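First the structure, in the form of structure tokens, and then the observations on it.
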Amino acid sequence: MDTIYITGHRNPDTDSIVSAMAYAALKNALGQRQYEAARLGQISDETQTVLDRFGFQPPKLLNNVRTQVRDLDYDTPPTLSAAAAISRAWRTMQKNKISAIPVANEDGTLYGMLSAGDVANYDMSSVRNPNVGRIPVYNLLSVLEGKILNQGGEMRDEISGEVTIALPASRENLMFSSPDSIVVCGDQPDMIRRALEIGVACIIVCQAEVDPELLATQTDTCIISTAFDAYRAVRLIYHAMPISSICKNSDLVCFHLDDYIDDVRNAVLESRFRAYPILDEEEHVVGTLSRYHLLRPRRKQVILMDHNEKAQSVPGLDQADILEIIDHHRLADIQTKNPITVRNEPVGSTTTIVAGMYQDKGLMPTAKMAGLMAAAIVSDTVMFKSPTCTQRDIDVANRMARIANISLKELGQVIFSAAGGGTRSAEEIFRTDYKEFHIAGHNLAVSQVTCMDSDKLLQRKDEFLKLMASIRKEKGFDMVIMMVTDVLLEGTQLLFVGDRETIRQAFNVEDVEDVVFLPKIMSRKKQVIPMLSALWG
């Protein structure tokens, strides 16, 4: 069952993290166990404080949802040992109707690839070159379904030589004369005796008995009996060779489960192999990939929480299937291939919407989860002082607090005291809740930090402004803004780099410097972005 990722926006705030966790818990509690909450960035101090307070671990970090090899319906053919006989490999390919199989070392790592073409080429070359080298006796006995008849033969582990069929002929017209021979014969005692005198490597007796007197000869020649006729026995001798003797084991093109399909497709177009081995994280062979697997790859499935804008979403979103969107922001630019469930409500927190979905499904969240949800609502509504806050947010937060048996006031103090910055760098603080916007041909970025002591953060004003100027230059933004929202002052210290006149007109302030205090401004979504949109629109 494929995992369905539930993810908030990049540079996630507490509401983004908690709404994803709460919705995943709801889905899984209703019997659909494939849902997993994920995050698109580092956890802020505030969010970590909340998670620690209620005993939760941060969700999995998801770097992108680009299609990978693991998302393909790749083949999983049998993987044979390099020591296995060619005949076994051929039977395996015929049985599974495949033209290539991976060959592995004893520890499961890749040794090489064997194709039907490799076997065909070997068969053709054996017609001109009847010599075989170092056939394991076990392999030979297996393919011939034979047995060793003499004591001396039991001492041999490998057999090499020129394969010869000893047709009925006089001793003077023997087809073999060298000890480096593998003699295939039938009911021919004289031939067997002569072969033993020469000391050939192996005698294969087809569909016949051997005189006990000959078997008692003191020799290291291996005498094997088989029920196959001479012609078939010869072909099987060649197929007793280990796969390692003919498979391709150099200049291989292989892929790993985590490789991205875009990269794989380019590598496949530059090569001509029928199949490519697939390896896991420990370099073990797990399957094979062919060109047709790339035609219709399975796409990752995602549910977007607390955002609906591509620039704020997980990288690679165009290669994934969006199943749902649950949000409380303006509608933006995300498009889907099929109709999906969209729940967008004008409330102060996405977690408030998720709490309503718990009610719709008749499921009460646990005390720990209720506490986490209450914290997310308090955080995103800035202790109910944000203009985005609704009575519904307040009611839901109070209900969650009652279930968790906690005080919202004390929870708010814990949350906003954690946003003071501590020993974090200016960039870490700035990126805590950072979003990029595209409005009427203007590109800008807005970061928001909510705290209970804005003066402490403003002591690092020069660090923030230097960072913001660097970001503006690097990305070509028209403006970069940092909102230091103070819960106690019920307003925002606005730091910015860009056109001063834009700030003056948008927020109706005079004597604009690099920092300006905006009383009653608490929301980026409902107060800052709409002001700029109205000015530029």
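Values in this document were obtained by computation on a predicted structure and should not be read as measured data.
Residues R10 and E309 are not paired through a salt bridge, judged by the lack of any N-O separation under 4.0 Å between the basic side chain and the carboxylate. Salt bridge present: K520 and E490 bring a charged side-chain N and a carboxylate O closer than 4.0 Å.
Once rounded to the nearest 0.5 Å, the distance linking OG of S349 with CG of D13 reads 8.5 Å. For the atom pair CG (D75) and CD1 (I278), the distance works out to 8.0 Å, reported to the nearest 0.5 Å. Remark: D107 CG to E282 CD distance equals 10.5 Å, nearest 0.5 Å. The distance from atom OG1 of T67 to atom CG of L294, rounded to the nearest 0.5 Å, is 10.5 Å. Atoms CD and OG, from Q312 and S16 in turn, are 9.5 Å apart once rounded to the nearest 0.5 Å.
Applying the side chain to side chain donor-acceptor pair (under 3.5 Å) test to every pair with at least one member in residues 464-473, sequence neighbours left out, gives no pairs at all. Identified under the ring pair (Phe, Tyr, Trp, His ring centres under 6.0 Å) test for residues 502-537, with sequence neighbours left out: H442-W536. Within the structure, every pair that satisfies the side chain to side chain donor-acceptor pair (under 3.5 Å) test and touches residues 50-60, not counting sequence neighbours, is listed here: Y5-K60, Q48-D52. Contacts classified as ring pair (Phe, Tyr, Trp, His ring centres under 6.0 Å) and involving residues 276-305 (residues at least two apart or in different chains) are given here: F255-Y276, F273-Y276. Identified under the side chain to side chain donor-acceptor pair (under 3.5 Å) test for residues 498-510, with sequence neighbours left out: D499-T502, R500-D514, E501-R504, E501-Q505.
Not a single donor-acceptor pair under 3.5 Å links the side chain of N96 to the backbone N or O of M93. For D393 (side chain) and G348 (main-chain N/O), a donor-acceptor pair under 3.5 Å exists by modelled atom type. Counting only distance, with no hydrogens or angles, the side chain of Q527 and the backbone of M522 share a donor-acceptor pair below 3.5 Å. Under a 3.5 Å cut-off, the side chain of E428 and the backbone N or O of R424 do not form any donor-acceptor pair.
At a threshold of 4.5 Å between non-hydrogen side-chain atoms, the residues T350 and Y23 do not count as touching. With contacts defined as side-chain heavy-atom distances shorter than 4.5 Å, the pair I4/E36 does not qualify. Counting heavy atoms from C-beta on, the side chains of V103 and N249 never come closer than 4.5 Å.
For the residue pair H256 / E283, a side-chain donor-acceptor distance below 3.5 Å is found, with atom types taken as modelled. A side-chain donor from one of Q391 and D395 sits under 3.5 Å from a side-chain acceptor of the other. At a cut-off of 3.5 Å, with distance as the only test, no side-chain donor of D433 or N11 sits close to an acceptor on the other residue. For the 3.5 Å distance criterion, the side chains of H329 and D327 qualify, holding a donor opposite an acceptor. With no hydrogens or angles considered, no side-chain donor-acceptor pair links T288 and R274 at under 3.5 Å.
Scanning both residues, L411 and I406, for their nearest heavy atoms gives CD2-CD1, 3.8 Å. Between L80 and A89 the shortest heavy-atom distance is CD1-CA, 3.4 Å.
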Review point. Hey, mind stepping through L317 and V302 against side chain to side chain contact (heavy atoms under 4.5 Å, CB included) and telling me if it holds?
Key: CA-CA 9 Å; L317 190 64; V302 295; 3.9 Å; yes
Exercise for review: Show the numbers, then the answer: is there a side-chain hydrogen bond (donor to acceptor under 3.5 Å, both in side chains) between S19 and D306?
Suggested key: CA-CA 8 Å; S19 60; D306 198 30; 5.4 Å; no
Practice item. List the steps, then state whether side chain to side chain contact (heavy atoms under 4.5 Å, CB included) holds for N443 with E436. Key: CA-CA 8 Å; N443 297 320; E436 297 176 1; over 6 Å; no
Check your understanding: Run the side-chain hydrogen bond (donor to acceptor under 3.5 Å, both in side chains) check on N105 and T109 step by step: do they pass?
Key -> CA-CA 5 Å; N105 296 305; T109 58; 3.1 Å; yes
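R299 is linked by a salt bridge (Lys or Arg N to Asp or Glu O under 4.0 Å) to D321, counting only residues two or more places apart in sequence or in another chain. Taking the salt bridge (Lys or Arg N to Asp or Glu O under 4.0 Å) definition, one finds that K409 meets it with nothing, sequence neighbours left out. Evaluation of the salt bridge (Lys or Arg N to Asp or Glu O under 4.0 Å) rule for E281 yields R70 as partners, not counting sequence neighbours. Listed by chain and number, the residues in a salt bridge (Lys or Arg N to Asp or Glu O under 4.0 Å) with D262 are R66, R265 (sequence neighbours excluded).
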For residues 370-382, please give each side-chain donor-acceptor pair under 3.5 Å, one per line with the distance, not counting sequence neighbours.
{"residue": "S379", "atom": "OG", "partner": "E46", "partner atom": "OE2", "Å": "2.4"}
{"residue": "D380", "atom": "OD2", "partner": "H328", "partner atom": "NE2", "Å": "3.4"}
{"residue": "T381", "atom": "OG1", "partner": "I377", "partner atom": "O", "Å": "2.7"}
{"residue": "T381", "atom": "OG1", "partner": "F384", "partner atom": "N", "Å": "3.2"}

Which donor-acceptor pairs under 3.5 Å do side chains of residues 480-489 form with protein atoms, sequence neighbours excluded?
{"residue": "T485", "atom": "OG1", "partner": "Q448", "partner atom": "NE2", "Å": "2.9"}
{"residue": "T485", "atom": "OG1", "partner": "T492", "partner atom": "OG1", "Å": "3.0"}
{"residue": "D486", "atom": "OD1", "partner": "L488", "partner atom": "N", "Å": "2.9"}
{"residue": "D486", "atom": "OD1", "partner": "L489", "partner atom": "N", "Å": "3.1"}
{"residue": "D486", "atom": "OD2", "partner": "S454", "partner atom": "N", "Å": "3.0"}
{"residue": "D486", "atom": "OD2", "partner": "S454", "partner atom": "OG", "Å": "2.8"}

Which atom pairs, one a donor and one an acceptor, fall under 3.5 Å between side chains of residues 330-337 and the rest of the protein, sequence neighbours left out?
{"residue": "D333", "atom": "OD1", "partner": "K310", "partner atom": "N", "Å": "2.9"}
{"residue": "T336", "atom": "OG1", "partner": "N338", "partner atom": "O", "Å": "2.9"}

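Other residues, nucleotides and ligands place no more than 12 heavy atoms under 6.0 Å from the CD atom of Q359. Counting heavy atoms of neighbouring residues, nucleotides and ligands inside a 6.0 Å radius, atom CZ of R399 does not exceed 12 of them.
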